[in-house]
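Side chains included, hydrogens not; waters and symmetry mates left out as well; all remaining heavy atoms used.
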Amino acid sequence: MSTAADDLAAALGSSREEGEAIEAAVQTETADLDTAVLPVRAYLDRTVVPLLLQGLAQLAKERPPHPVEYLAHYLLQNNPDGRPDDAPAEEEGSAMPAPAPAAE
């Protein structure tokens, strides 16, 4: 599967490492943009999709009996912005195992 860094490197005729460096610089540069003015797709691509894809990959690997609950738990546990105040607290004695942390 091709990553954004691979695509960028191929387009520029550079190495994967250079593609990753450029991608990181672009993300840092654009991180300060106000997300309220972004189109819906750009907003979701920037804020939700990266973590969602990681969660879906973990979900496919683990194949838990309750996939929606597993994914919800994964997203809450791996939220890079921390746990929001309105997120539900973990229930004691939950029958669902905690998802593995995201690999970086």
Side-chain angles (χ1 to χ4, degrees):
M1 179 178 209
S2 177
T3 66
D6 291 331
D7 294 342
L8 184 58
L12 297 175
S14 59
S15 70
R16 177 185 168 83
E17 290 78 21
E18 289 172 325
E20 288 174 349
I22 293 168
E23 182 181 16
V26 169
Q27 287 177 351
T28 301
E29 187 73 25
T30 58
D32 295 333
L33 292 177
D34 185 10
T35 57
V37 299
L38 291 173
V40 173
R41 177 70 186 254
Y43 169 74
L44 292 174
D45 283 346
R46 183 169 297 156
T47 59
V48 177
V49 171
L51 182 59
L52 183 58
L53 289 176
Q54 291 173 3
L56 290 172
Q58 191 67 30
L59 179 70
K61 185 188 298 183
E62 298 285 329
R63 296 188 183 244
H66 304 286
V68 173
E69 290 177 25
Y70 181 93
L71 182 59
H73 189 109
Y74 180 93
L75 294 173
L76 289 171
Q77 292 297 313
N78 294 284
N79 182 357
D81 297 330
R83 184 172 168 250
D85 292 336
D86 60 346
E90 288 186 35
E91 296 178 24
E92 288 190 30
S94 174
M96 189 170 72
E104 304 229 7

Atom pair CG (L71) and NE2 (H66), whose distance is rounded to the nearest 0.5 Å:
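Rounded to the nearest 0.5 Å, the CG-NE2 separation comes to 14.5 Å.
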
Please round to the nearest 0.5 Å and tell me the distance separating atom CG of L38 and atom CG of L44.
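The CG atom of L44 is 10.0 Å from CG of L38, to the nearest 0.5 Å.
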
Under 3.5 Å donor-acceptor, R46 side chain and Y43 backbone
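Such a contact is absent between R46 side chain and Y43 backbone.
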
side-chain contact (heavy atoms from CB on, under 4.5 Å) partners of L59, counting only residues at least two apart:
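If we apply the side-chain contact (heavy atoms from CB on, under 4.5 Å) test to L59, skipping adjacent residues, the hits are L56, P64, P67, Y70.
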
A72: what forms a side-chain contact (heavy atoms from CB on, under 4.5 Å) with it, not counting sequence neighbours?
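Result, side-chain contact (heavy atoms from CB on, under 4.5 Å) vs A72: none returned.
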
Locate the shortest heavy-atom distance separating N79 from L51; write the atom from each residue and the value.
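Taking N79 first and L51 second, the nearest heavy atoms are CA-CD2, 3.9 Å.
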
side-chain hydrogen bond (donor to acceptor under 3.5 Å, both in side chains) against R41, all qualifying residues, sequence neighbours excluded:
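In terms of side-chain hydrogen bond (donor to acceptor under 3.5 Å, both in side chains), with neighbours along the sequence ignored, R41 is linked to D45.
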
